[in-house]
Amino acid sequence: MERLDRDFFTLDVLEVARRLPGMEIVLRQGAEFKRYMITETEAYNGSEDKACHASRGKTSRNEIMFHAGGYLYLYFIYGMYWMLNIVTGAEGDPQAVLIRGAGEISGPGRVTRCLGIDRTFNREDIVTSERIWIETNGYSPELITGPRVGIDYAGEPWVSMPWRFMIKK
DNA sequence: AACACGATTTCG
DNA sequence: GAAATCGTGTTT
């Protein structure tokens, strides 16, 4: 297994979102290592994308999305869930990939809860972090694509863009 | 200072 | 179908 570097995460968000399924999130908890294969992602594609948090400009919450790829963006929603995102693309282009499924876990809120990922992971650099990173073994599973979930407010064309990627079972 | 709401999940 | 539950952005 090979740890992913800065070059990978600075690729375009659509490229990263469709390549992450099949790769593994590695979490280090003391001497323990836990691995979860990413099964589902969604791409949030910069300032033009009305479903992207950064579409209405930079705020203290989304500022990390404007960095170069490889940083984590954690945000809290519905009063109880943390959403795990990986920032992608070049500096100044606010893109991120939402991790919607890992291992046997389905649903972004359940992923963070099960993996123990919370606000302390916000802005973590997964290229250099000692506690979380991504590895690949070259496996590239067949994918199913579809529109993103829960973003009806974004309107067309964004609500219809096929930017959800999941491993075909 | 107050208010509205969300990249969800769970229960009835 | 609707509640749970609160940080964040926006309005007052």
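What you see is a predicted model; the values in this text were computed from it and never measured. In what follows, chains are A, B, ... by sequence order, proteins preceding strands, each numbered from 1.
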Original post:
Can you list, by residue number, the residues of residues 91-103 of chain A that have a non-hydrogen atom closer than 4.0 angstrom to DNA chain B?
Top reply: A:Leu98, A:Arg100
Original post:
Using a distance-only test with no angle check, is there a side-chain donor-acceptor pair under 3.5 angstrom linking A:Thr88 and A:Gln95?
Top reply: yes
**OP:** Could you tell me whether the side chains of A:Glu156 and A:Trp158 share a donor-acceptor contact shorter than 3.5 Å?
**Re:** no
Original post:
Between residues 38-63 of chain A and DNA chain C, which residues have a heavy-atom gap below 4.0 Å?
Top reply: A:Thr59, A:Ser60, A:Arg61
**OP:** Residues of residues 77-84 of chain A with any non-hydrogen atom less than 4.0 angstrom from an atom of DNA chain C: list those, numerically ordered, please.
**Re:** A:Tyr78, A:Gly79, A:Met80
Original post:
Within 45 degrees of the axis of the six-membered ring of A:Tyr81 and under 6.0 Å from its centre: does A:Arg113 put its NZ or CZ there?
Top reply: no
Subject >> Heavy-atom contact window of chain A on DNA chain C, given 5' to 3' at under 4.0 Å >> reply: C:dA4 to C:dG9
Measure the shortest side-chain to side-chain distance between [X] and [Y] over non-hydrogen atoms and say whether it is less than 4.5 angstrom.
{"X": "A:Asp125", "Y": "A:Arg6", "answer": "yes"}
{"X": "A:Arg100", "Y": "A:Val149", "answer": "yes"}
{"X": "A:Val16", "Y": "A:Phe8", "answer": "yes"}

**OP:** Kindly indicate, with the supporting measurements, whether the criterion side chain to side chain contact (heavy atoms under 4.5 Å, CB included) is fulfilled by A:Ile25 and A:Ile134.
**Re:** CA-CA 5 Å; A:Ile25 298 173; A:Ile134 310 291; 3.8 Å; yes
Original post:
Expressed in whole Å, how much space separates the C1' atoms belonging to C:dA2 and B:dC5?
Top reply: 16 Å
**OP:** State the pairing partner of B:dG6; accept Watson-Crick or G-U wobble contacts with both distances under 3.5 Å, and report none otherwise.
**Re:** C:dC6
Subject >> Output field: ring centroids A:His53/A:Tyr44 closer than 6.0 Å >> reply: no
**OP:** Determine whether the aromatic ring centres of A:Tyr73 and A:Tyr71 lie less than 6.0 Å apart.
**Re:** no
Original post:
From the 5' end of DNA chain B to its 3' end, which nucleotides mark the outer limits of contact with chain A, defined by a 4.0 Å heavy-atom distance cut-off (strictly under)?
Top reply: B:dG6 to B:dT10
**OP:** Remember a base hit wins even if backbone is also touched, and classify A:Arg164 as base, sugar-phosphate or nothing at under 4.0 Å, heavy atoms.
**Re:** nothing
Give a yes or no on whether the backbone of [Y] and the side-chain of [X] come within a donor-acceptor separation of less than 3.5 Å.
{"X": "A:Arg3", "Y": "A:Val127", "result": "yes"}
{"X": "A:Thr10", "Y": "A:Gly89", "result": "no"}
{"X": "A:Glu91", "Y": "A:Phe66", "result": "no"}

Pairs of donor and acceptor atoms involving the side chains of residues 45-52 of chain A, under 3.5 Å and at least two apart or interchain, shall be tabulated with distances.
from: A:Asp49; atom 1: OD1; to: A:Ala51; atom 2: N; distance (Å): 3.0
from: A:Asp49; atom 1: OD1; to: A:Arg148; atom 2: NH2; distance (Å): 3.1
from: A:Asp49; atom 1: OD2; to: A:Asn45; atom 2: N; distance (Å): 2.9
from: A:Asp49; atom 1: OD2; to: A:Arg148; atom 2: NH1; distance (Å): 2.6

Subject >> Basic-acidic side-chain contact under 4.0 Å: A:Glu32, A:Arg28 >> reply: no
Subject >> Parallel, tilted or perpendicular, as decided by the 30° and 60° cut-offs, for the rings of A:Phe76 and A:Trp82 >> reply: tilted
Original post:
Toward the 5' end of DNA chain B, which comes first, A:Arg110 or A:Phe76, by nearest nucleotide?
Top reply: A:Phe76
